[in-house]
Amino acid sequence: MKNLIRFILAGSVALAASTSAFAAQPLVDAEWVKANIGKPDVVFLDVRGKLAGKSKADYLKAHIPGAVYTDYLKDGWRAKDAGGTAGQLAPTEKLEKLIGGLGIDNNTHVVVVPNGGKALDVGTGTRVYWTFKVLGHDNVSLLNGGMTAYTKDVDEKTKKPVNPLETGDVKPAAKTFKANLRKDMLATKADVIAAQKDGTTLVDNRPNNQFIGVNKHKLAKRFGTIPGAVNLPENWLTKNGGGTFRSTPALEKLYGAANINKAGKQINFCNTGHWASLGWFVSHELLGNKDVKMYDGSMLEWSADKALDMDQKVKLN
């Protein structure tokens, strides 16, 4: 009986170790990508698009072998909500159909591949990553540095990238993807109002000029930020505002400079939950603060509600 118990305990430990070993890491690099090309349970999701000055034409010219393309702005990753706020999390059933049509099911390890030229387009990658997490899919990673990092090493003679590439379109067989929506990851307008009273840190990930109220998004109704918010611009989070995330020690220094605790309740916002996904990704996935949420409605929703105050630090008119 004792031997049986030891066997069961040993098996449990081994299973736990195995599960941990195969847990998806938030960031992968080009070497990891090369080692996993062609694996049936891995889908590279190429999200290069307009925000990076790219299009599907660039994907067709060269992409990671087997990578599937999706247009972040056109394919339905985001939509207007019932209140008319643009850029919000699309209805679950539509996302299930979209994701399944990309050849992804609940057992797939999804690796999101942005262009990686600047923080703005990395935000496409983190927003798609966040969407998978909200839908209950933890087996997702992001290629750090994106295609820019993957193709940076070139052959001295041919001047062509040394890492494997292929041309043309990849049309995967559709699969069934079922979401398990995590509402606890979503911060609503009501949550933000409550956060103003309970000490939750509100982090505005927009550029400083929008935070102080000098400029605004074209769809925002008013200038400024949510009262009580602190500013951590999205381009602080990547090296020189590019496509590669800063090291953990560097990120911790930046959080200190912005007076943001690494732990504790936090809500990230921007205009439509794009830049804020970078802030959420760094806090939640890289620094390990699981008390972080993202306010998807962000300034487009907040500024449209005239009953809510705005903090405009610089008033030009």
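We count residues from 1, following the sequence as given. Here the structure is a predicted model, which is why all the values come from computation and not from measurement.
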#### Entry: Derivation of the side-chain contact (heavy atoms from CB on, under 4.5 Å) call for D169 and L60
CA-CA 6 Å; D169 201 1; L60 294 173; 3.8 Å; yes
| request: List the steps and the verdict of side-chain contact (heavy atoms from CB on, under 4.5 Å) for K61 and T167. | output: CA-CA 5 Å; K61 289 177 184 176; T167 61; 5.7 Å; no
Begin with the C-alpha distance, continue with both residues' side-chain angles, and end with the deciding distance and a verdict on side-chain contact (heavy atoms from CB on, under 4.5 Å) for L278 and F245. CA-CA 10 Å; L278 274 161; F245 283 95; 3.7 Å; yes
(request) Take N180 and H137 through the side-chain contact (heavy atoms from CB on, under 4.5 Å) test and state the conclusion after the steps. (result) CA-CA 8 Å; N180 180 23; H137 192 79; over 6 Å; no
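Between W302 and M310 there is a side-chain heavy-atom pair separated by less than 4.5 Å. At least one side-chain heavy atom of L251 sits under 4.5 Å from a side-chain heavy atom of R246. Put simply, the side chain of T225 does not reach to within 4.5 Å of the side chain of N231, judged on heavy atoms. In this structure, the side chains of V203 and F269 stay at 4.5 Å or more apart for every pair of heavy atoms. Here the side chains of I193 and L308 are in contact, with some heavy-atom distance below 4.5 Å. Between Y129 and P26, some side-chain heavy-atom pair lies under the 4.5 Å cut-off. By the 4.5 Å heavy-atom criterion applied to side chains, P164 and I37 are counted as neighbours. Residues L181 and L89 form a side-chain contact, since some pair of their non-hydrogen atoms from C-beta on lies under 4.5 Å apart.
Taken together through direct or relayed side-chain contacts under 4.5 Å among Ile, Leu, Val, Met, Phe, Trp and Tyr, L237 and V230 form part of one hydrophobic cluster. V140 and V128 fall within the same hydrophobic cluster, defined by Ile, Leu, Val, Met, Phe, Trp and Tyr side-chain heavy atoms under 4.5 Å apart, directly or through other members. Cluster membership for I104 and L142, using ILVMFWY side-chain heavy atoms within less than 4.5 angstrom, is shared. Following chains of ILVMFWY side-chain contacts shorter than 4.5 Å, one cannot reach W130 starting from V192, and the two form parts of different hydrophobic clusters. Cluster annotation: W280 is not connected to I267 through the hydrophobic network of ILVMFWY side chains, with a link wherever side-chain heavy atoms come within less than 4.5 Å.
Between the side chain of Q196 and the main chain of P227, a donor-acceptor pair closer than 3.5 Å is present. A distance-only check finds a donor-acceptor pair linking the side chain of N289 to the backbone of G264 [under 3.5 Å]. With T151 contributing its side chain and M147 its backbone, the two residues share a donor-acceptor pair below 3.5 Å. Checking side-chain atoms of H63 against main-chain N and O of Y59 turns up a donor-acceptor pair under 3.5 Å.
Note that OG of S247 and NZ of K253 are 8.0 Å apart. Values are rounded to the nearest 0.5 Å. Summarising the geometry, atom NZ belonging to K293 is positioned 8.5 Å from atom OG1 belonging to T200; distances are rounded to the nearest 0.5 Å. Distance CD/E234 to CG/N205: 8.0 Å, rounded to 0.5 Å. The structure places CG of L232 at 4.5 Å from CD1 of I260, a figure rounded to the nearest 0.5 Å. Separating the CG atom in D58 from the CG atom in D46 is a distance of 9.0 Å, to the nearest 0.5 Å. The CD atom of Q266 sits 6.0 Å away from the OG1 atom of T201 when rounded to the nearest 0.5 Å.
By the ring-ring contact (aromatic ring centres under 6.0 Å, His included) test, Y255 pairs with no residue at all, sequence neighbours left out. Residues satisfying the side chain to side chain donor-acceptor pair (under 3.5 Å) criterion with N144, sequence neighbours excluded, are absent altogether.
Among residue pairs with one or both ends in residues 87-105, those qualifying as side-chain hydrogen bond (donor to acceptor under 3.5 Å, both in side chains) are D105-T108; sequence neighbours excluded. Sorted by first then second residue, the ring-ring contact (aromatic ring centres under 6.0 Å, His included) pairs that include residues 140-167, not counting sequence neighbours, number zero.
Residue G116 comes nearest to V122 through the heavy atom pair CA-CG2, 4.3 Å, listed as atom of the first residue, atom of the second, then distance. Closest approach of A119 and N235 over heavy atoms only: CB-CA, 3.9 Å. In terms of heavy atoms, A90 sits closest to G76 at CB-O, 3.3 Å. Across every non-hydrogen atom of N139 and A24, the tightest pair is OD1-CB, 3.3 Å. Of all non-hydrogen atoms in P172 and G101, the two that sit nearest each other are CG-O, 4.1 Å. Smallest separation of non-hydrogen atoms from V292 and S283: CG2-CB, 3.7 Å.
The local environment of CG in D184 is crowded, with over 12 non-hydrogen atoms from other residues, nucleotides or ligands closer than 6.0 Å. Counted within 6.0 Å of NZ on K221, heavy atoms from surrounding residues, nucleotides or ligands total 12 or fewer; the atom is thus considered open.
Classification of D191 and K265 as a salt-bridged pair fails, no side-chain N sitting under 4.0 Å from a carboxylate O. Using a 4.0 Å cut-off between charged side-chain N and carboxylate O, D296 and R127 make a salt bridge. Salt-bridge formation is detected for the pair K290/E285: a Lys NZ or Arg NE/NH1/NH2 atom is positioned less than 4.0 Å from an Asp or Glu carboxylate oxygen.
Between F132 and F177, the angle of the ring planes goes over 60°, which puts this pair in the perpendicular group of the 30/60° scheme.
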Could you tabulate the donor-acceptor pairs under 3.5 Å formed by side-chain atoms of residues 64-72, not counting sequence neighbours?
from	atom 1	to	atom 2	distance (Å)
Y69	OH	R48	O	2.9
Y69	OH	K56	N	3.4
T70	OG1	D75	OD2	2.9
T70	OG1	W77	NE1	3.0
D71	OD1	L73	N	3.0
D71	OD1	K74	N	3.1
Y72	OH	R78	NE	3.4
Y72	OH	H274	ND1	2.9

Kindly list each side-chain donor-acceptor pair under 3.5 angstrom involving residues 210-219, sequence neighbours excluded, with atom names and distances?
from	atom 1	to	atom 2	distance (Å)
Q210	OE1	N271	ND2	2.9
N215	ND2	N209	OD1	3.1
K216	NZ	A220	O	2.7
H217	ND1	L219	N	2.9

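Side-chain contact check for N163 and K34: at least one donor-acceptor pair (N or O, by modelled atom type) lies under 3.5 Å.
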